[in-house]
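Dropping the structure in here first, questions after.
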Protein chains: 2
Amino acid sequence: MPIKPRSPCLSASPDAAAAAGAAAAGDPGAPGGPGAAFSPLYRQIKGLILQSLDRGEWKPGEAIPSELDLAARFKVSQGTVRKAIDELAADNILLRRQGKGTFVATHHEDRVRFRFLRLAPDNGKQARSRSRFLECRRLRAPAEVAKVLELRAGDAVVLVRRVLSFGDIPTVIDEIWLPGALFKGLTAERLAEYKGPMYGLFESEFGVRMIRADEKIRAVPAGEPEAALLDVAPGTPLLQVERISFTYGDRPVEMRRGLYLTSHYHYRNSLN
Amino acid sequence: MPIKPRSPCLSASPDAAAAAGAAAAGDPGAPGGPGAAFSPLYRQIKGLILQSLDRGEWKPGEAIPSELDLAARFKVSQGTVRKAIDELAADNILLRRQGKGTFVATHHEDRVRFRFLRLAPDNGKQARSRSRFLECRRLRAPAEVAKVLELRAGDAVVLVRRVLSFGDIPTVIDEIWLPGALFKGLTAERLAEYKGPMYGLFESEFGVRMIRADEKIRAVPAGEPEAALLDVAPGTPLLQVERISFTYGDRPVEMRRGLYLTSHYHYRNSLN
DNA sequence: TAGTGGTCTAGACCACATA
DNA sequence: ATGTGGTCTAGACCACTAG
């Protein structure tokens with residue numbers, strides 16, 4: 001046994017917190033066997049905070065307890081809590097505001113929204129965006145979708161299709177697949193009524209918060225139906241963006257295929 | 001005067017380091033007038049380390065002094081140096097290796113390379129890549145290039161054009177513009193001879209290290225010459241990637257336009 | 001065994017927001 | 001005046017690497 005894991009915040013001895021090596025929490029780490037990775041205390045605290053977020057103990061937009069409160073609750077020093085929160089803030093899961101507190105990030109802010117909508121106008125002027133929903137229906141998951149969303153083949157999924165326009169110019173076609181179990185009662189009407197970003201609705205109405213997403217991008221020619229929707233000639237090059245979105249615990253909860261018309265907009269990215 | 005800036009590591013009084021507010025270093029911050037942003041000590045240390053890196057005091061791949069050494073040099077505690085290095089490591093400018101030291105990041109590693117080459121094979125198998133250089137010549141900067149590279153119109157620039165192939169399949173056409181003053185002696189021969197990534201050559205032979213880049217991505221149809229180079233039909237949709245790369249101090253040092261054939265490769269991206 | 005980065009703690013004080 | 005996050009310090013000890 002190369003590493004000695006100790007119990008986390010149920011520390012047996014009074015001074016056990018000092019120099020504690022703790023079992024992984026939120027890490028890819030293997031189960032307790034040999035080869036188990038060393039995981040520092042602050043990562044375990046991070047894991048515990050993530051659990052609380054996942055189970056909805058603190059809702060998006062709300063403040064979480066102060067660092068000193070959390071330190072008392074977990075029986076560690078403020079510095080250790082601080083480092084856990086630092087990482088969560090770097091992951092854009094929490095938001096620190098000096099003097100006010102630490103808040104659960106929410107999709108009800110433009111700031112967050114543009115993390116997931118990377119299309120920017122060639123000339124800086126950001127036009128009003130508007131969604132037109134083509135359909136919203138429930139069906140059995142096709143094999144590919146089931147695999148990506150980690151469902152059983154045949155499980156219920158919701159398919160949403162929409163056209164996003166910027167200043168009356170149709171620019172994006174989205175085809176969105178969601179696990180049916182999580183999105184009971186999602187209808188085209190509710191989507192159309194809702195003001196604000198779609199992920200805001202998902203978060204407020206269905207308790208599903210998108211944390212992270214992976215995208216694969218290609219250039220493809222517009223087919224007949226897509227061309228009609230975007231008001232361009234068939235064969236026009238479009239940006240195809242395949243996205244898989246994840247919530248807490250890296251659970252996939254959305255599969256999306258977008259087609260972007262990039263004659264006056266571009267996909268922006270930063271390489272760090 | 002809302003904020004009292006103090007002298008940094010030339011601290012006058014022996015205990016001046018404690019609770020020091022220091023002039024901005026590396027921040028967007030305004031000059032010393034009213035409205036000057038508060039900048040903590042560790043940010044100033046970060047700025048000093050960046051200066052040392054910029055002036056080449058420590059070369060890519062080398063170790064920088066230990067945290068304790070730097071703490072002594074800057075007359076601050078190890079924790080403050082640590083926080084500065086933390087940020088530089090998060091920026092992928094430095095690389096920490098426990099037990100060994102902290103190293104200047106280098107482009108001579110696949111790990112770093114794939115930060116800047118985001119094209120991945122649809123099936124996991126990454127094929128050998130090979131560059132064919134079409135031309136490398138010096139000319140006067142066109143207006144657009146001069147503007148992007150912050151040169152005077154008419155200053156010398158180097159234009160490199162190449163085709164990148166994966167396993168004998170031509171996949172990328174790059175058109176690269178570099179400031180002539182920084183890349184004296186860059187020729188097609190030196191490019192062709194060089195084994196390894198282009199940024200590795202830039203770093204080793206010309207002392208220019210790319211730190212960060214911004215990209216704008218569009219879908220465009222292949223023109224006649226591009227189609228011929230990529231062995232596809234004219235009009236085939238291609239991914240157009242416009243990149244501006246920066247060195248230390250956010251100085252632009254490369255403008256690049258890439259055309260990617262995405263029938264068997266895709267541009268991968270993560271939204272955090 | 002020595003040196004390096006990594007973790008954890010405890011306490012002091014600063015900056016910001018609010019009452 | 002109080003409570004929050006933010007900075008800085010000092011010291012102890014752990015984990016990893018290498019001679």
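Convention: sequence-line order gives letters A, B, ...; per-chain numbering from 1. None of these values were measured; they are calculated from a predicted model.
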Is it true that the side chains of A:Tyr194 and A:Glu205 contain a donor and an acceptor less than 3.5 Å apart?
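No.
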Are any of the side-chain heavy atoms of B:Lys100 and B:Leu95 separated by less than 4.5 Å?
no
If one requires at least 3 consecutive Watson-Crick or G-U pairs with distances under 3.5 Å, the stems of DNA chain D turn out to be C:1-18 with D:1-18
Min side-chain heavy-atom separation A:Val241-A:Arg256 under 4.5 Å
no
Between the side chains of B:Asp91 and B:Lys46, is the shortest nitrogen-to-carboxylate-oxygen separation below 4.0 Å, so that they form an ion pair?
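Yes.
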Counting only non-hydrogen atoms, which of residues 80-87 of chain B are less than 4.0 Å from DNA chain D?
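Close to the strand are B:Thr80, B:Lys83.
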Is there a side-chain contact between B:Leu53 and B:Leu94 (heavy atoms, below 4.5 Å)?
yes
In this structure, how many angstroms lie between the P atom of D:dG5 and the CD atom of A:Gln78, rounded?
8 Å
Just by distance, no angles: are the side chains of B:Asn269 and A:Tyr267 close enough, under 3.5 Å, to form a donor-acceptor pair?
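Present: a donor and an acceptor within the cut-off.
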Does the side chain to side chain contact (heavy atoms under 4.5 Å, CB included) test come out yes or no for B:Arg115 and A:Leu271, once each step is laid out?
CA-CA 7 Å; B:Arg115 285 205 348 251; A:Leu271 313 182; 5.9 Å; no
Report yes if some heavy atom in the side chain of B:Glu150 is under 4.5 Å from a heavy atom in the side chain of B:Arg251; otherwise report no.
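A side-chain contact is absent here, since even the closest heavy-atom pair is not under 4.5 Å.
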Check the distance between C:dC14's P and B:Phe38's CZ and give it to me in whole angstrom.
11 Å
Kindly indicate, with the supporting measurements, whether the criterion side chain to side chain contact (heavy atoms under 4.5 Å, CB included) is fulfilled by A:Met210 and A:Val253.
CA-CA 8 Å; A:Met210 308 299 183; A:Val253 285; 3.5 Å; yes
Quick one, which residues of residues 92-104 of chain A touch DNA chain C with a heavy atom under 4.0 Å?
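Within residues 92-104 of chain A, the residues near DNA chain C are A:Gln98, A:Gly99, A:Lys100.
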When you measure from every atom of DNA chain D, which of residues 56-72 of chain A have a heavy atom less than 4.0 Å away?
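Listed by number, they are A:Ser66, A:Glu67.
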Taking only residues two or more places apart in sequence, or in another chain, which ones meet B:Glu57 in a salt bridge (Lys or Arg N to Asp or Glu O under 4.0 Å)?
B:Arg55, B:Arg73
If I take atom CG in residue A:Leu41 and atom C1' in nucleotide D:dC13, what distance separates them, rounded to the nearest angstrom?
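Interatomic distance, CG of A:Leu41 to C1' of D:dC13: 13 Å.
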Atom-pair distance (OH on B:Tyr42; P on D:dG6), nearest Å
9 Å
Go through the structure and list residues passing ring-ring contact (aromatic ring centres under 6.0 Å, His included) with B:Tyr265, not counting sequence neighbours.
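B:Tyr265 satisfies ring-ring contact (aromatic ring centres under 6.0 Å, His included) with B:Phe166 once adjacent residues are dropped.
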For a salt bridge (charged side-chain N to carboxylate O under 4.0 Å, His left out) with B:Glu203, tell me which candidate from B:Lys59, B:Arg113, B:Arg209 qualifies.
B:Arg209
Between D:dA10, C:dT7, C:dT9, which one does the side chain of A:Val76 approach most closely?
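For the A:Val76 side chain, the nearest candidate turns out to be C:dT9.
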Does the side chain of B:Val76 reach to within under 4.5 Å of the side chain of B:Tyr42, using non-hydrogen atoms?
no
